[in-house]
Amino acid sequence: MKKRHQPLFEKSISWIRQNPSATIHDVPDELLQTWSYDHDDDLEPSSFYLSIFTFGYCQKQLGKAGSIPGRKLSVSSNELVDLFTMWQLKLGLINLHRKTDVRIETLSLFDFPENESITYSLA
């Protein structure tokens, strides 16, 4: 991770720790812009984006499993990359909700239940 990203990384980690059950509607604008990866850059996501996502996802999963010291959970790297893509979709939905008349119902920010669906309407 680049040194210039360190303050944003620490701010992100702090916010995630303070908001373990955050939904897409809870994300502050500054963090939303910080976490949103632009796929049009033709570059792979940097360690910054992947680190933020992985921390939030692991925190959420460990919280759901209970805070048992030494408890281990695992996720394949392919699944983690797929979930990262879904997380970026959720971040895009936040922008859609905030900047248009389309209302997106609440979704967990770092949890991805099987068959999760996006419910939307016009304001």
Within a strict 4.5 Å, meaning less than it, do heavy atoms of the [X] and [Y] side chains meet?
X: Leu109; Y: Asp26; value: no
X: Phe55; Y: Phe110; value: no
X: His25; Y: Ile94; value: no
X: Asp111; Y: Lys64; value: yes
X: Lys60; Y: Ser21; value: yes
X: Arg98; Y: Leu32; value: yes
X: Gln33; Y: Asn95; value: yes
X: Ile104; Y: Val102; value: yes

**Study point:** Any side-chain donor near an acceptor of the partner, Thr85 and Asp82, under 3.5 Å
**Key:**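 Looking only at side-chain atoms, Asp82 and Thr85 do not form any donor-acceptor pair under 3.5 Å.
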Practice item. Verify the distance criterion only: is there a donor paired with an acceptor across the side chains of Gln18 and Ser14 at less than 3.5 Å? Key: yes
Review point. Linking I/L/V/M/F/W/Y whenever their side-chain heavy atoms sit closer than 4.5 Å, directly or via other members, would Val81 and Ile52 fall into one cluster?
Key: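 The answer is no; the residues belong to distinct hydrophobic clusters.
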Could you pull out the closest heavy-atom pair between [X] and [Y], with the gap in Å?
X: Leu107; Y: Ser117; value: CD2-O, 3.6 Å
X: Glu30; Y: Thr34; value: O-OG1, 2.8 Å
X: Gly56; Y: Ile16; value: CA-CG2, 3.8 Å
X: Glu116; Y: Ser108; value: OE2-N, 4.3 Å

Check your understanding: Relative to the ring of Tyr57, is the ring of Phe53 parallel (under 30°), tilted (30 to 60°) or perpendicular (over 60°)?
Key -> parallel
Review point. For the side chain of Lys11 and the backbone of Gln6, is there at least one donor-acceptor N/O pair under 3.5 Å apart?
Key: no
Review point. Are the aromatic ring centres of Trp35 and Tyr49 under 6.0 angstrom apart?
Key: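 Judged by ring-centre distance (under 6.0 Å), Trp35 and Tyr49 do not meet the cut-off.
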Could you measure the distance from the [atom1] atom of [X] to the [atom2] atom of [Y]? Nearest 0.5 Å is fine.
X: Ile118; Y: Leu93; atom1: CD1; atom2: CG; answer: 4.5 Å
X: Lys90; Y: Thr23; atom1: NZ; atom2: OG1; answer: 9.5 Å
X: Asn19; Y: Gln59; atom1: CG; atom2: CD; answer: 11.5 Å
X: Leu31; Y: Leu8; atom1: CG; atom2: CG; answer: 8.0 Å
X: Tyr120; Y: His97; atom1: OH; atom2: NE2; answer: 15.5 Å
X: Glu79; Y: Ser74; atom1: CD; atom2: OG; answer: 9.0 Å

